[in-house]
Number of protein chains: 2
Amino acid sequence: MSLENVQKSRYIMVMERIKKEIKEGHLVPGERLPSENVYAKQLGVSRATLREALRILEEENIISRKHGIGTFVNQVPVFSSGIEELNSITEMIHSAGKRPGTEVLLSKYVTPTEEDKEKLQLQDGERILLVKRVRTADDRPLVYCIDKVPARLFSEESHLLGGSLFNFLEQEAEVHIDYATADITTVGYHEDISARLKCSKKIPLLVLKQLHYSTLDKPVLYSINFFRSDQFSFNVLRKRTQR
Amino acid sequence: MSLENVQKSRYIMVMERIKKEIKEGHLVPGERLPSENVYAKQLGVSRATLREALRILEEENIISRKHGIGTFVNQVPVFSSGIEELNSITEMIHSAGKRPGTEVLLSKYVTPTEEDKEKLQLQDGERILLVKRVRTADDRPLVYCIDKVPARLFSEESHLLGGSLFNFLEQEAEVHIDYATADITTVGYHEDISARLKCSKKIPLLVLKQLHYSTLDKPVLYSINFFRSDQFSFNVLRKRTQR
DNA sequence: TTTCGCATGTTGTCTGACATCCTACATGTA
DNA sequence: TACATGTAGGATGTCAGACAACATGCGAAA
């Protein structure tokens, strides 16, 4: 079977190549890129292909293009890892340089609530897999997770034992998560959850409610995460939209 | 003097035109767009220009392109107005269909703290305009704002009386805000601020710390906003990045 | 009935040209 | 010298036409 041998499009390869150049410091913030004609020849692609790559980088706020002047690396080339980049919590902890751990509190098949049915677009009678976990970073509790997945996605009643739910879904259900809508709120104190996270009454919790969609635009995972606010914050790049 | 008579680029006009078609329902989610050749002729532009517009819409998660098949409107064409779209609080309240109001608590020129100096890249001896306000929606307090602007941006010691700080900066300082980095945290209770927002001890506050940049990539405004969490939440579209 | 190959239509890529915009330098004038 | 103007060059923006790579569906062949 095939896995990563799929040939990516050229414009994507070019885009990633340029991103890499910036990340590794070969192109520094404020610097002008070679002109499109020159750069296209250097990269071995046509100018049109290069332009599609540049267009994406501009949209991502990594470069700016100025008609008649040139193309420049932004002063704040945000490679995000901000909230708008969707990663599993395992990945988030990893990229913060810590060691992720999991304590599974609950994993069972249950009848969904009305809210669950609506969000996950369930038929009457369908059941869901409900998982409750505490995720740790370097063995310290960081976030309390409640995850809900339609049971129909699994061929048999499989259970998540540890690690990334994203990987689990991909392997057991052959579902790939593509994007999610997230809602950020906060809650002052929660009897059970605050205790599980071993944090005092004074520390509020950041709440992230997310509905995850598959590549086919179907909702496949509804999750509610409670973060310790003393150890976590979300950051975002915000852009004005008029041009 | 010139104002909005600047001619926008064609690819941007095309992009906005297509967005409008989707918003107004002439193109519905899941529908296939006309093929590029046909669509380009319909819109009166070259295929290359159309492709640049489509590339942006794809990046914004509004359409999906599939090699050899076609281009489709996404099931969840998120026109955001999520947190990643930067708007003044005045605009936010407006677009929620409420009437924005302002109570200025403080407006004075002061010496910046070390943190302010670093964030706003101030020289020694430079001063800042410090503004503290309570913003209301339909006369109910919603958010407590602390704003800090370098004094050098103003020709004289002007003061903000009410309304949008964004507009004020544009008119008085001829500075246009382009983007901001935001950090979202929470705080359980704040003696003074909670009282000003007329909310009880049980309601935590959502805190948004933002550093705003001008079109020239210079930091021009540092602001800290405290939102009533019972009346406000942030939503974001999160995307996976591997393709 | 099943399988295979091909025609067709789509997005992806290439080439070369011209349009439009901005900068910098040279030139001319007071 | 100081300032305004003209001009040449180089950058991104737009155009046209062609071919490549990919996915689908239909018809012929087994």
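Below, each value reflects all heavy atoms present in this structure, side chains not excepted, and no hydrogens, waters or symmetry copies. Please read all numbers here as calculations on a predicted model, not as lab measurements. Below, chains carry the letters A, B, ... as their sequence lines are ordered, and counting in each starts from 1.
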Protein-nucleotide distance ([X], atom [atom1]; [N], atom [atom2]), rounded to Å:
{"X": "A:F72", "N": "C:dC22", "atom1": "CZ", "atom2": "P", "result": "13 Å"}
{"X": "B:Y11", "N": "D:dC15", "atom1": "OH", "atom2": "P", "result": "13 Å"}
{"X": "B:R10", "N": "D:dC15", "atom1": "CZ", "atom2": "C1'", "result": "9 Å"}
{"X": "A:K66", "N": "D:dT12", "atom1": "NZ", "atom2": "P", "result": "12 Å"}
{"X": "A:R47", "N": "D:dA11", "atom1": "CZ", "atom2": "P", "result": "11 Å"}
{"X": "B:L57", "N": "C:dT11", "atom1": "CG", "atom2": "C1'", "result": "16 Å"}
{"X": "A:L50", "N": "C:dG12", "atom1": "CG", "atom2": "P", "result": "16 Å"}
{"X": "B:E52", "N": "C:dT11", "atom1": "CD", "atom2": "C1'", "result": "15 Å"}

(request) Scan side-chain atoms only and decide if B:D178 and B:T215 contain a donor-acceptor pair under the 3.5 Å cut-off. (result) no

(message) Can a side-chain donor-acceptor contact be found between A:T71 and A:R32 if the only test is distance below 3.5 angstrom?
(response) no

(request) Report yes or no: is the cationic atom of A:R55 (NZ for Lys, CZ for Arg) under 6.0 Å from the centre of the six-membered ring of B:Y11, at an angle within 45° of the ring normal? (result) yes

(request) Taking only the side-chain nitrogens and oxygens of A:S9, find out if one of them lies under 4.0 Å from OP1 or OP2 of C:dT11. (result) no

(request) Check whether any side-chain N or O of B:T49 sits under 4.0 Å from OP1 or OP2 of D:dC15, and answer yes or no. (result) yes

(request) Pull out every residue in residues 35-45 of chain B that has a heavy atom closer than 4.0 Å to any atom of DNA chain C, ordered by number, or say none. (result) B:S35, B:E36

Between [options], which nucleotide has the shortest distance from any of its atoms to the side chain of [X]?
{"X": "A:A48", "options": "C:dG12, D:dT14, C:dC14", "result": "C:dC14"}
{"X": "A:R32", "options": "D:dC22, C:dT13, D:dA11", "result": "D:dA11"}
{"X": "A:R51", "options": "D:dT14, C:dG12, C:dT15", "result": "D:dT14"}

(message) Should the side chain of A:H67 and the base of C:dT20 be counted as holding a donor-acceptor pair, with the cut-off at 3.5 Å?
(response) yes

(message) Quick check: any donor-acceptor pair below 3.5 Å linking the side-chain of A:R55 to the base of D:dG13?
(response) no

Polar pairs (N or O, both sides) under 3.5 Å between protein and nucleotides 23-26 of chain C?
none

Salt-bridge criterion met for [X] and [Y] (N-O under 4.0 Å):
{"X": "A:E91", "Y": "B:R240", "result": "yes"}
{"X": "B:E36", "Y": "B:R65", "result": "yes"}
{"X": "B:R17", "Y": "B:E21", "result": "yes"}

(message) Has B:K239 got a side-chain atom pairing as donor or acceptor with B:E59's backbone, closer than 3.5 angstrom?
(response) yes

(message) If we ignore hydrogens and angles and just use 3.5 Å, is the side chain of B:N74 paired with the main-chain N or O of B:N61 as donor and acceptor?
(response) yes

(message) Applying side-chain hydrogen bond (donor to acceptor under 3.5 Å, both in side chains), can you list everything that pairs with B:T90, at least two apart in sequence or on another chain?
(response) B:R135

(message) Given A:R238, which partner from the list B:E84, B:Q210, B:H212, B:E85 fulfils the side-chain hydrogen bond (donor to acceptor under 3.5 Å, both in side chains) test?
(response) B:Q210

